Chemist: 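The structure under discussion is supplied below as structure tokens; questions concerning it will follow.
Numbers here are sequence positions counted from 1. This structure is a prediction, so every number in the text was calculated from the model and none was measured. These numbers come from the heavy atoms of this one structure, side chains and all, not from hydrogens, waters or symmetry mates.
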Amino acid sequence: DLSVLPEIPKEDGRPKWDNKFQYILSCIGFAVGLGNVWRFPYLCQIHGGAVFQPLQIPASLQHISNTHLLLRKGSIGAWNAISPYLGGVGVGSWMVSVLVSLYYNTVLTWVMWYFINSFQEPLPWSVCPLNENRTGLNEECYKSTAVNYFWYRKTLNITADVTESGTLQWWLILCLAACWAIVYLCTIRGIETTGKAIYVTALFPYLVLTIFLIHGLSLPGAADGLAYLFTPNMNTLKNPRVWLDAATQIFFSLSLAFGGLIAFSSYNPSKNDCEKDAVTVAIVNSMTSLYASIPVFSVLGFKATTGYWDCLDRNIISIINEFDLPEESIMRQNYTAWVSFLNSSYPEKIAGLKLKSCDLQEFLDQSVSGTGLAFIIFTQAIILMPGSQAWAILFFIMLFSLGLSSMFGNIEGVFTPLLELRIISKSIPKELLSGIICLICFLIALCFTLGSGSYWIDIFDSYASSLPLLVIAFFEVIGVAYVYKIKRFSKDVKWMTGRNPNLYWQITWRFISPLLLLIVFVAFVTLQIQKPPSYAAWNPKYEGFPMKEEKVYPPWVLSICVLLAVLPCVFVPLVALFHLIK
């Protein structure tokens with residue numbers, strides 16, 4: 001009988017958090033992840049900087065879920081308790097946690113590989129190797145850059161097509177095994193071990209971001225990068241894509257509908273201020289995104305300025321050699337004046353030089369997201385910094401900590417429901433169950449160490465962790481608001497917090513959140529079906545190389561994409577239909 005839910009739960013032998021700060025820190029570590037560092041700054045860059053940032057706060061408050069409430073169960077048990085018809089919501093949430101865990105730990109594998117190579121001097125991605133005959137530079141590296149070559153060839157050893165599997169890369173297998181071993185050791189006894197590790201993995205990234213912030217602000221061009229970040233472009237507000245990206249970014253960043261927050265909350269004491277927890281996590285998550293953007297744009301401004309100066313210097317050398325001018329007669333400061341004078345006096349000579357157009361704004365506009373920002377753009381900028389080796393080590397330790405703290409939430413979202421299912425014997429020790437989960441995930445993730453592995457990771461990122469989350473979150477809100485009923489839900493909140501939810505929450509739960517989720521879902525699907533799903537292939541034989549070759553997914557790959565998107569969602573109607581027939 002759900003009407004007795006607010007009664008104090010009996011002692012069930014479940015572990016508990018050592019203190020409230022440990023719980024909040026775990027939720028923050030789960031929510032604040034790699035996307036705060038490499039996704040949010042990219043969206044600011046392409047959507048008008050300062051305009052995009054304020055959209056995060058209202059969006060975060062609108063999407064705060066009921067996932068901090070006390071049900072003392074994992075995702076599957078919690079939604080079965082609310083209504084057996086909603087059991088499929090918990091199953092779908094659990095499945096998404098599994099898929100996202102595979103994705104996240106593969107990214108950590110790449111981070112570990114870069115971290116290991118950061119100890120080499122000079123940095124391996126700073127120079128091009130010789131060709132096989134040792135008569136010149138490697139052609140693929142020469143046509144692109146040393147950074148691109150290290151990422152695509154020395155790390156991924158990528159194939160030219162998603163249908164070409166390639167071979168397993170032994171260095172990635174070793175790093176993948178090491179990453180899953182670390183995750184196992186940290187999650188070996190659930191929150192009893194992750195609760196201790198979270199103090200390091202959640203707080204250390206803030207220390208590194210602060211160090212990068214101090215150093216980044218001292219770099220030449222940092223002011224230009226920050227001006228780019230904080231200069232608003234009000235015209236972008238007219239673009240509905242901006243609002244869609246703001247909503248989806250904060251939604252995915254908060255890790256809603258994954259099941260990890262429900263699992264974490266199930267270890268809270270009976271009476272807990274869930275409202276304060278939800279608001280705290282949402283605001284800290286948004287503030288972290290803004291805080292991370294400052295050092296990121298400082299470094300990107302430095303990289304853009306350095307590229308702009310290199311462009312000017314090459315043009316200056318060409319002009320000095322052509323006109324036999326004294327050295328240092330043309331400087332960066334008077335370059336424009338000299339070019340104007342020479343162009344008016346000797347237009348044919350200047351035209352024959354084919355000088356490159358050097359525009360700082362163009363260098364600042366060069367945007368890239370995700371792994372491209374971390375493993376290509378940022379590493380390229382680190383090479384230019386004094387003491388680049390130390391900065392590379394710090395950067396990749398920070399990324400690893402961010403990913404690891406998010407993994408704790410994902411694994412807890414997988415681990416907790418399995419402990420509660422009757423199919424798992426209670427005699428099985430937690431250590432063994434955790435080890436089995438990590439081993440199975442490692443074996444499945446071996447496919448990502450193939451030459452085509454990065455293409456499949458992109459597919460997982462695009463299909464397994466986007467559409468399913470929107471569907472699951474929609475049914476979560478509908479389930480609480482219209483199946484469990486807001487009146488009963490508000491009584492639960494009052495019992496836990498000592499106060500009734502205010503009008504804002506009432507309106508949000510009943511109308512705003514379901515409507516926003518529905519709008520985002522429709523907009524997301526509309527954008528996806530406007531053009532055939534495609535991917536960018538790294539193909540050295542492509543005539544436009546080093547530009548990536550745009551390819552359309554073959555039918556069988558497209559079928560897998562659809563399966564990944566539909567599989568977690570299909571349990572929602574299937575479980576409801578099963579109970580209806582039963």
Side-chain angles (χ1 to χ4, degrees), residues 34 74 76 91-113 115-116 155-159 162-190 193-194 258-260 263 371 400 403-404 406-419 421 423-425 428-465 468 556-557 559-561 563-565 567-568 571:
L34 298 171
I76 298 176
V91 176
S93 179
W94 177 85
M95 186 164 290
V96 170
S97 294
V98 174
L99 296 175
V100 172
S101 296
L102 296 173
Y103 165 81
Y104 246 95
N105 227 36
T106 302
V107 175
L108 289 183
T109 299
W110 299 336
V111 172
M112 177 175 283
W113 173 245
F115 171 72
I116 293 170
T155 300
L156 303 176
N157 195 17
I158 196 168
T159 58
V162 69
T163 58
E164 300 172 16
S165 297
T167 58
L168 294 170
Q169 317 304 323
W170 64 265
W171 55 91
L172 291 182
I173 295 176
L174 293 178
C175 290
L176 182 68
C179 288
W180 277 111
I182 292 171
V183 169
Y184 170 66
L185 292 175
C186 292
T187 61
I188 190 170
R189 291 190 58 80
T193 47
T194 59
F258 279 89
T371 53
F400 194 86
L404 190 60
S406 294
M407 274 297 295
F408 293 164
N410 288 321
I411 291 296
E412 198 62 43
V414 176
F415 185 77
T416 302
L418 287 180
L419 286 176
L421 291 177
I423 58 173
I424 303 294
S425 173
I428 297 180
K430 283 185 179 180
E431 296 84 353
L432 179 59
L433 179 59
S434 181
I436 292 172
I437 292 172
C438 291
L439 178 61
I440 292 173
C441 289
F442 165 73
L443 294 175
I444 295 173
L446 283 175
C447 65
F448 299 132
T449 65
L450 291 167
S452 61
S454 65
Y455 297 132
W456 289 105
I457 277 292
D458 289 339
I459 288 172
F460 264 63
D461 185 31
S462 301
Y463 296 95
S465 62
W556 69 271
V557 174
S559 300
I560 295 177
C561 295
L563 182 65
L564 287 172
L567 191 59
F571 285 99

Chemist: Applying the ring-ring contact (aromatic ring centres under 6.0 Å, His included) criterion to F448, which one of W456, Y103, F460, Y104 satisfies it?
Modeler: F460
Chemist: Under 3.5 Å, is there a donor-acceptor pair between the side chain of T449 and the main chain of L172?
Modeler: no
Chemist: Between the side chain of T187 and the main-chain N/O of F408, is any donor-acceptor distance below 3.5 Å?
Modeler: no
Chemist: Between C186 and L404, which heavy-atom pair has the shortest distance, and what is it?
Modeler: SG-CD2, 4.5 Å
Chemist: Side-chain contact, heavy-atom cut-off 4.5 Å: L99 with P568?
Modeler: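 Of all side-chain heavy-atom pairs linking P568 with L99, at least one is under 4.5 Å.
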Chemist: Please report the interatomic distance CZ(F415) to SG(C438), rounded to the nearest 0.5 Å.
Modeler: 9.5 Å
Chemist: Got a second to check how far Y455's OH is from I158's CD1, nearest 0.5 Å?
Modeler: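 Going from the OH atom of Y455 to the CD1 atom of I158 covers 3.5 Å.
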Chemist: For the CH2 atom of W180 and the CE atom of M407, what is their distance to the nearest 0.5 Å?
Modeler: 4.0 Å
Chemist: Kindly say whether G413 contributes a backbone atom to a donor-acceptor pair with the side chain of T416 at under 3.5 angstrom?
Modeler: no
Chemist: How long is the span from the OG atom in S97 to the CG atom in L102, to the nearest 0.5 Å?
Modeler: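 So the gap between those two atoms works out to 11.0 Å.
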Chemist: Please tell me if the side chains of S165 and T159 come closer than 4.5 Å, counting only heavy atoms from C-beta onward.
Modeler: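 Side-chain contact under 4.5 Å: no.
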Chemist: Hey, does F442 have a side-chain heavy atom less than 4.5 Å from the side chain of L446?
Modeler: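 In contact.
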Chemist: So do I457 and W110 actually touch side chain to side chain, heavy atoms under 4.5 Å?
Modeler: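 In contact.
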Chemist: Rounded to the nearest 0.5 Å, what separation is found between the CD1 atom of I444 and the OG1 atom of T106?
Modeler: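 It is 11.0 Å, given to the nearest 0.5 Å.
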Chemist: Judged by atom type as modelled, is there a donor-acceptor pair below 3.5 Å linking the side chain of Q169 to the main-chain atoms of T167?
Modeler: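 It does hold such a pair.
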Chemist: Taking C-beta and beyond as the side chain, do I116 and C175 meet within less than 4.5 Å on heavy atoms?
Modeler: yes
